[in-house]
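Inspection log for the structure reproduced underneath, given as structure tokens.
As the structure is a prediction and not an experimental result, all values here were calculated from the model.
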Amino acid sequence: NTEHGGERISLERYVQAYYFTRILEHANQKLDQLSNGRYQLIRRKEEDRKNISSGLNLNVLDQYTGTERDVKTLSGGETFLASLSLALGLSEAVQQQSGCVQINAMFIDEGFGTLDDSSIHDAMEVLESVRRSSGMIGIISHVQLLESNIPTHLEVIKSGEGSRIRLV
């Protein structure tokens, strides 16, 4: 056990909190872009310190209202943007911490259907910057706007005889 801010915590909890903080730093850079500066993810200060996930839960700071609230209050589209930010933040933190680890591909399965056109555009800009620096981004989606803005894609065609794919 070690002391952290006047309270005793296990070494495991300390290490988790350290890495979680690094992930949030990277995630918030992306979320700032995706939400046009509106949201920031912050670690929740737990009242009950005995909770096993104490210090590892999230709130969102809404810059428009100046209030902090549970991430569960985000809309579907906002939740997708926060999740995407966390995934990108985790990827960056892992690559930064482990100099020999490089993540060259990322796949995102849906979620874009919950976004409006402006949010899709913002997400695509962030993903394009990640793709330029890190490699391939694969998106699994049915959203027409994505299909028309991504130059190369695979189309899954279903039939009674099974599914087939076509490179477009």
Side-chain angles (χ1 to χ4, degrees), residues 12-46 51-64 67-156 165:
E12 179 183 6
R13 175 68 44 82
Y14 178 81
V15 170
Q16 287 174 340
Y18 171 82
Y19 284 111
F20 193 47
T21 299
R22 299 297 154 290
I23 292 165
L24 285 178
E25 288 170 359
H26 292 288
N28 278 324
Q29 291 172 1
K30 300 302 181 197
L31 187 57
D32 185 65
Q33 293 175 281
L34 291 169
S35 69
N36 294 313
R38 180 171 184 179
Y39 295 119
Q40 179 182 358
L41 298 170
I42 53 178
R43 288 175 49 196
R44 184 179 311 143
K45 299 188 178 42
E46 303 292 337
N51 183 340
I52 190 137
S53 61
S54 177
L56 301 178
N57 292 319
L58 291 176
N59 278 353
V60 62
L61 175 62
D62 187 333
Q63 302 290 356
Y64 288 4
T67 59
E68 182 179 323
R69 56 193 166 114
D70 194 306
V71 292
K72 294 175 186 173
T73 64
L74 293 172
S75 72
E78 293 164 340
T79 298
F80 172 72
L81 295 178
S83 296
L84 177 59
S85 298
L86 284 167
L88 295 171
L90 175 62
S91 172
E92 286 185 26
V94 166
Q95 291 180 83
Q96 190 177 67
Q97 189 67 33
S98 308
C100 61
V101 173
Q102 187 171 7
I103 300 173
N104 295 319
M106 177 181 284
F107 287 87
I108 301 166
D109 187 5
E110 283 304 333
F112 287 94
T114 60
L115 302 177
D116 60 27
D117 289 353
S118 175
S119 296
I120 289 174
H121 176 74
D122 293 344
M124 291 304 295
E125 282 185 359
V126 169
L127 291 173
E128 178 58 25
S129 72
V130 170
R131 187 202 60 78
R132 281 193 303 271
S133 65
S134 299
M136 181 183 74
I137 303 284
I139 298 173
I140 302 166
S141 184
H142 66 280
V143 175
Q144 186 64 37
L145 182 60
L146 290 174
E147 184 178 327
S148 61
N149 285 303
I150 298 174
T152 305
H153 56 271
L154 294 173
E155 184 177 310
V156 178
I165 60 170

Glu155 atom CD, over 12 foreign heavy atoms within 6.0 Å: yes

Have Asp70 and Thr73 got a donor and an acceptor in their side chains that come within less than 3.5 Å? no

Any chance you could measure Asn36, atom CG, to Tyr64, atom OH, to the nearest 0.5 Å? 6.0 Å

dist Thr114:OG1 -> Glu78:CD (nearest 0.5 Å) comes out at 9.5 Å

Any side-chain heavy-atom pair of Leu146 and Ile139 under 4.5 Å: yes

Residues at least two apart in sequence or cross-chain that pass side-chain hydrogen bond (donor to acceptor under 3.5 Å, both in side chains) with Asp117, listed by chain then number, are none

Side-chain contact test, heavy atoms from C-beta onward, threshold under 4.5 Å: evaluate it for Ile42 versus Glu68 and give yes or no. yes

Shortest non-hydrogen pair, Ser141 vs Phe112, comes out as OG-CB, 4.1 Å

So, is the end of the Arg22 side chain (NZ or CZ) under 6.0 Å from the ring centre of Tyr18 and within 45° of the ring's axis? yes

Give the intermediate values and the outcome of side chain to side chain contact (heavy atoms under 4.5 Å, CB included) for residues His121 and Leu145. CA-CA 9 Å; His121 176 74; Leu145 182 60; over 6 Å; no

Between Ser91 and Ala87, is there a donor-acceptor pair closer than 3.5 Å when you use the side chain of the first and the backbone of the second? no

Kindly determine whether Val71 and Leu41 satisfy side chain to side chain contact (heavy atoms under 4.5 Å, CB included), including the steps that lead there. CA-CA 8 Å; Val71 292; Leu41 298 170; 4.0 Å; yes

Glu147-His142 side chain donor-acceptor pair, cut-off 3.5 Å: no

In terms of heavy-atom contacts, does CD1 of Ile165 have more than 12 from other residues, nucleotides or ligands at under 6.0 Å? no

Do Ser129 and Glu125 get their side chains close enough for a donor-acceptor pair, meaning under 3.5 Å? no

Determine whether Leu84 and Leu31 make a side-chain contact, defined as any pair of heavy atoms from C-beta on separated by less than 4.5 Å. no

Measuring from Leu90:CG to Ser85:OG, what's the distance to the nearest 0.5 Å? 12.5 Å

Is the backbone of Glu92 close enough, under 3.5 Å, to the side chain of Gln96 for a donor and an acceptor to pair up by distance? no

Once ring pair (Phe, Tyr, Trp, His ring centres under 6.0 Å) is applied, do any residues pair with Tyr39, and if so which ones, sequence neighbours excluded? none

Would you confirm whether Asp32, through its side chain, and Asn28, through its main-chain N or O, come within 3.5 Å as a donor-acceptor pair? no

How far does CG of Leu81 sit from CG of Leu34, to the nearest 0.5 angstrom? 5.0 Å

Value rounded to 0.5 Å, distance of CD in Gln144 from CD1 in Ile120: 11.0 Å

Side chains of Lys30 and Gln33: does their closest heavy-atom pair fall under 4.5 Å? yes

How long is the gap from CD1 on Ile137 to CD1 on Ile108, to the nearest 0.5 Å? 5.5 Å

Note, Gln40 side chain near Gln63 side chain (heavy atom, < 4.5 Å): yes

As a quick check of understanding, evaluate side chain to side chain contact (heavy atoms under 4.5 Å, CB included) for Val94 and Tyr19, giving each step before the final call. CA-CA 9 Å; Val94 166; Tyr19 284 111; over 6 Å; no

State, with a plain yes or no, whether a side-chain heavy atom of Leu58 is found less than 4.5 Å away from one of Leu24. yes

Heavy-atom side-chain contact between Val130 and Leu88 under 4.5 Å: yes

Heavy-atom nearest pair, Ile23 first then Leu86, reads CG2-O, 4.2 Å

Side-chain contact test, heavy atoms from C-beta onward, threshold under 4.5 Å: evaluate it for Asp122 versus Leu115 and give yes or no. no

